[in-house]
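The structure appears below as structure tokens.
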Amino acid sequence: MSKPVVATASLAGCFGCHMSLLDIDDRILTLIDLVEFNKSPIDDIKTFTKQCDIGIIEGGCCNSENVENLRNFRKNCKILISLGECAIMGGLPAMRNGIPIKDCLEEAYLNSPTVDDKIIPNDDELPMILDRVYPCHEIVKIDYFLPGCPPRADLIWQALVALLEGKPLDLPYEVVKFD
Amino acid sequence: MKEIKFTIDGKECKGKNGQTIVEAAKDNGVYIPTLCHFEGLKPAGTCRICTVKVGGRNMAACTTPITEGMMVENNILELEDMRKAIIEMLFVEGNHMCPTCEKSGNCELQALAYRYGMMAPRFPYMWPIRQVDATIPKIYLDRNRCVQCLRCVRGITTKDGRHIFGLINRGGKTMIHVDDELAADITERQAAKAMEMCPVGAILKKEVGFVVPIGKRKFDTKPIGSEIQK
């Protein structure tokens with residue numbers, strides 16, 4: 001039987017969750033024995049080359065590219081996991097949710113004391129910024145949630161192993177934290 | 001004082017006349033989750049997390065006194081799921097960004113979410129617009145995190161018994177407000193007490209922050225209620 005295929009993505013996140021995945025230390029060697037990586041920043045595969053079993057999403061959706069990427073993951077992965085606070089509730093980027101988008105753009109590109117050319121970027125090549133930051137499960141169906149900022153390496157590891165072995169997940173108290 | 005016999009989930013318990021279910025349960029080593037309740041304050045029954053079944057009826061265990069022969073249901077699936085739902089509702093109706101909050105690790109709402117295994121709330125986030133008040137001496141009031149438990153309203157008063165915190169508006173617009181005149185003379189001790197009393201990070205003491213490192217905070221290693229549960 002071929003190995004299960006894993007894909008990962010960082011949307012509106014800081015790559016901290018991916019760092020935490022690397023934080024499983026030498027278990028990463030076991031992980032490569034257990035799974036095959038497809039589209040992911042870890043192996044730098046940019047597009048899906050086959051149907052994947054598990055998709056791991058870091059970060060919420062703050063622009064049109066995030067949404068497209070997330071929908072693409074839903075299409076290509078059997079199981080989708082929201083990894084970390086940003087994917088689950090928007091996280092730090094979502095702190096702009098109470099501020100109108102116009103004010104955000106003006107603050108960043110017109111009124112900030114360090115801006116030089118006072119232009120709000122608007123090019124077809126650039127993704128459109130959304131009215132607010134959306135958690136992943138408000139855009140597509142998400143199967144599992146692993147909270148944390150970042151999620152503890154042990155949480156990611158144990159969740160992945162439980163999923164791969166088809167066993168129930170019995171987590172110690174210390175590994176599920178929201179910060 | 002007259003001893004009262006009652007049961008919680010079939011367990012024989014003894015309590016004193018006038019005790020509430022929460023208090024009596026604690027004396028008998030049974031944890032009933034609470035959030036708005038604070039030992040020493042008059043119970044308010046605002047959050048409903050302590051809801052138990054008495055004779056098939058839902059009752060707030062923090063306000064209901066025990067009676068002879070009372071049969072309380074506490075640790076049953078229906079109640080546990082309802083409690084989890086209440087916690088999730090509180091998370092979505094405010095702006096609770098745990099990674100950015102100073103109270104994280106010492107927060108009772110967060111600790112309850114850990115205890116009930118909340119991975120993500122089942123309800124959609126509301127993103128309410130709430131004001132932060134940083135004008136008060138010695139404390140910040142961040143209403144984004146307020147769960148309106150009224151602990152500060154009940155517990156923080158001046159020497160002559162006047163309330164420093166109060167509620168303004170009604171319904172969905174209800175919010176905690178500070179009496180500017182009374183808050184001007186707030187002491188260090190009152191500020192520390194207000195922060196300690198606040199179950200979430202809505203009241204924070206100024207000029208301190210992130211004092212206790214991750215791993216040593218109140219709820220880092222032990223679930224809330226584990227000191228009561230026998």
Side-chain angles (χ1 to χ4, degrees), chain A residues 13-14 16-17 20 57 59-61 80-101 103 130-139 141-152 155-156 158-159 168-179, chain B residues 84 87-88 90-132 142-145 200-201 209-210 212-226 229:
Chain A
C14 70
C17 300
S20 201
I57 308 290
C61 293
L80 263 196
I81 304 175
S82 265
L83 183 67
E85 288 299 306
C86 297
I88 291 173
M89 58 85 66
L92 227 66
M95 290 188 95
R96 76 162 163 96
N97 282 7
I99 305 164
I101 188 69
D103 294 0
L130 302 181
D131 62 334
R132 64 172 173 91
V133 179
Y134 291 81
C136 292
H137 62 268
E138 288 185 12
I139 306 285
K141 181 180 184 327
I142 298 287
D143 303 290
Y144 298 104
F145 300 89
L146 299 176
C149 184
R152 306 295 183 268
L155 173 65
I156 304 174
Q158 292 188 30
L169 186 55
D170 186 21
L171 293 166
Y173 176 76
E174 290 84 356
V175 305
V176 185
K177 291 285 176 294
F178 298 163
D179 60 359
Chain B
K84 192 177 175 199
I87 296 157
E88 291 171 5
L90 289 171
F91 264 90
V92 300
E93 71 145 28
N95 298 310
H96 296 275
M97 310 228 171
C98 296
T100 68
C101 180
E102 205 179 304
K103 200 68 176 267
S104 186
N106 296 315
C107 169
E108 288 176 40
L109 177 65
Q110 189 191 53
L112 283 165
Y114 291 161
R115 190 183 167 101
Y116 284 92
M118 182 189 103
M119 296 305 231
R122 68 192 80 170
F123 308 106
Y125 293 97
M126 291 170 72
W127 306 116
I129 294 169
R130 306 240 188 109
Q131 300 304 316
V132 178
D142 188 343
R143 298 188 182 95
N144 287 297
R145 299 163 184 162
V200 289
F210 302 101
V212 186
I214 291 178
K216 293 197 170 162
R217 301 168 304 182
K218 211 168 163 189
F219 303 115
D220 275 340
T221 51
K222 281 198 196 99
I224 189 168
S226 47
Q229 195 90 44

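So you know, we letter chains A, B, ... as the sequences are listed, proteins then strands, and number each from 1. None of the values given here were measured: they were computed from a predicted structure.
- When the candidates B:C101, B:S104, B:G215 are compared by the number of heavy-atom contacts under 4.5 Å with chain A, B:S104 comes out ahead.
- In this structure, A:P147 and B:M119 approach most closely via the heavy-atom pair CD-SD, 3.6 Å.
- Proximity to chain A is limited to the side chain of B:T100, based on heavy atoms less than 4.5 angstrom apart.
- A:P172 does not touch chain B: none of its heavy atoms, backbone or side chain, sits under 4.5 Å away.
- Counting heavy-atom pairs closer than 4.5 Å to chain A, the top-ranked of the candidates B:I214, B:D220, B:I129 is B:D220.
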- Query: Under the side-chain contact (heavy atoms from CB on, under 4.5 Å) criterion, do A:V176 and B:M118 qualify, and how do the steps go?
  - Reply: CA-CA 9 Å; A:V176 185; B:M118 182 189 103; over 6 Å; no
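- Ring centroids of A:F178 and B:Y114 are separated by less than 6.0 Å, placing the two rings close together.
- Contacts of B:N95 with chain A are absent, with no heavy-atom separation under 4.5 Å from either backbone or side chain.
- Looking at A:E174, the atoms closer than 4.5 Å to chain B (heavy atoms on both sides) sit in the backbone and in the side chain alike.
- B:W127 has its side chain within reach of A:M89: a pair of non-hydrogen atoms, C-beta onward, lies under 4.5 Å apart.
- When the candidates B:M97, B:Q110, B:R130 are compared by the number of heavy-atom contacts under 4.5 Å with chain A, B:M97 comes out ahead.
- In this structure, chain B has no heavy atom under 4.5 Å from any part of A:I99.
- Counting heavy-atom pairs under 4.5 Å between each of B:G105, B:P223, B:C98 and chain A puts B:P223 at the top.
- The environment of A:D131 atom CG is dense: over 12 non-hydrogen atoms of other residues, nucleotides or ligands sit within 6.0 angstrom.
- Looking at B:F91, only its side chain comes within 4.5 Å of chain A, counting heavy atoms on both sides.
- For OH of A:Y173, the number of neighbouring non-hydrogen atoms (other residues, nucleotides, ligands) closer than 6.0 Å is greater than 12.
- B:Y125 places no side-chain N or O within 3.5 Å of a backbone atom of A:Y134 that could act as its donor or acceptor partner.
- Annotation: B:M126, atom CE; neighbour count of heavy atoms from other residues, nucleotides and ligands within 6.0 Å does not exceed 12.
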